[in-house]
Amino acid sequence: MKNVFYLSLLSCLSCALTIISPGVNSNYRLDKIGVYKFQESSFYGSKFYDLSAFFLEYENLKLVLDDPNNSLFNKEEKLNINQFEANNVNLLIEFCYDKEIEFDIENDLANYHYKLNNFEPLSTTSYFYPYSFSVRGEFIKKFKPFYVREKYPYQHRIYTTGDDYLMCIRSIVSFPKSAQNKSNSLEILTPRNSLINFSYEFDREFILYKNEKFELSTR
């Protein structure tokens, strides 16, 4: 019985370390320091709010940009790999919110401030990103990207992974290469003056995230 439980546990852990979306692997998650701020969950909806950050390898960036879930605020614009420099440090910040709450999204995003080791970003590109979801107790949890392409050679076909979606906002925040050290601290100051921090290690390459675990809700 113990062996069965052990194998099941290993299986679950291996499932946790998967592709979150095209080009974004949970091994590249930044380590969250501290806990979520009450002001943020209250503003965005306590059942829905979630905040995470990831390191983006430049070679994966095209997959991130070509994701069928990406939706810019200006529908006529598209994300383009030429917007980003290969030598820059690109971080993906993502938060989710209750789509029934009305607020000025673009103004809200304009009042976010980011720093990597006290360096200001070179650019910030933000866009909508929907997920299908599951209900876990009182909270809504991301399940899969809402739109998924069929496998080759039918990749032009797109299907949905649920009947409804959880809306999130993704921001690709780019910093100069000189901003990055071996030990790194990402600081996020929200429009409500909540200070949120993430950290990661980089030694010639990103040190893969080691703290993936079951998220037992404490909110």
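Contact of the T161 side chain with the P145 side chain is not registered, since no non-hydrogen atoms from C-beta on lie closer than 4.5 Å. Between Y165 and K99 the shortest side-chain heavy-atom distance falls below 4.5 Å. With a 4.5 Å cut-off on side-chain heavy atoms, S174 and E85 do not count as touching. Between V135 and I140 there is a side-chain heavy-atom pair separated by less than 4.5 Å. Inter-residue side-chain proximity for P191 and Y112 is flagged as met; some heavy-atom pair is nearer than 4.5 Å. In this structure the side chain of I81 reaches within 4.5 angstrom of the side chain of Y58, judged on heavy atoms. Side-chain contact between N60 and V24: absent, with no pair of heavy atoms (C-beta onward) separated by less than 4.5 Å.
D50 places no side-chain N or O within donor-acceptor distance of the main-chain N or O of E94, the cut-off being under 3.5 Å. Side-chain atoms of N117 come within 3.5 Å of backbone N or O of A179 as a donor-acceptor pair. Side-chain atoms of S171 never come within 3.5 Å of backbone atoms of V173 as a donor-acceptor pair (strictly under, hydrogens ignored).
In this structure, OG on S183 lies 9.5 Å from CD1 on I207, to the nearest 0.5 angstrom. In this structure, CD on E57 lies 7.5 Å from CD on E205, to the nearest 0.5 angstrom. The distance from the CG atom of N197 to the CD1 atom of I33 is 5.5 Å, given to the nearest 0.5 Å. The structure places OG of S52 at 6.0 Å from CZ of R29, a figure rounded to the nearest 0.5 Å. To the nearest 0.5 Å, atom CZ of residue R204 and atom NZ of residue K182 are 10.0 Å apart. A distance of 10.5 Å separates OH in Y129 from SG in C96, rounded to the nearest 0.5 Å.
The one candidate from N69, L79, N74, D67 that meets the side chain to side chain contact (heavy atoms under 4.5 Å, CB included) condition with Y127 is L79.
Y147 OH: 12 or fewer foreign heavy atoms inside a 6.0 Å radius. More than 12 heavy atoms of other residues, nucleotides or ligands sit less than 6.0 Å from atom CD of Q39.
In this structure, F95 is a member of the same hydrophobic cluster as M167, with clusters built from ILVMFWY side-chain heavy atoms closer than 4.5 Å. Cluster membership check: L72 shares its hydrophobic cluster with L56, using side-chain heavy-atom separations under 4.5 Å among Ile, Leu, Val, Met, Phe, Trp and Tyr.
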| Derivation and outcome, ring-ring contact (aromatic ring centres under 6.0 Å, His included), residues Y44 and F103 | CA-CA 9 Å; Y44 294 117; F103 64 99; 5.7 Å; yes
| request: Apply side chain to side chain contact (heavy atoms under 4.5 Å, CB included) to L61 and I172, showing your working. | output: CA-CA 10 Å; L61 195 52; I172 301 176; 4.3 Å; yes
| Where do D98 and K47 land on the side chain to side chain contact (heavy atoms under 4.5 Å, CB included) test, with the steps shown first? | CA-CA 8 Å; D98 182 354; K47 288 178 61 176; over 6 Å; no
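If you look at F206 and Y28, their ring centroids are closer than 6.0 Å. The aromatic ring centres of F73 and F128 sit less than 6.0 Å apart.
Residues N88 and N90 bring no donor and acceptor atom of their side chains to less than 3.5 Å of each other. Between the side chains of E40 and T190, at least one donor N or O lies within less than 3.5 Å of an accepting N or O. Between Y97 and D108, the side chains place no donor N or O within less than 3.5 Å of an acceptor N or O (distance only, hydrogens not considered).
Between F55 and Y200, the ring planes lie tilted relative to each other; the angle falls in the 30° to 60° range.
For F119, there are no ring-ring contact (aromatic ring centres under 6.0 Å, His included) partners two or more places apart in sequence or in a different chain.
Residue L186 comes nearest to A53 through the heavy atom pair CD2-CB, 4.3 Å, listed as atom of the first residue, atom of the second, then distance.
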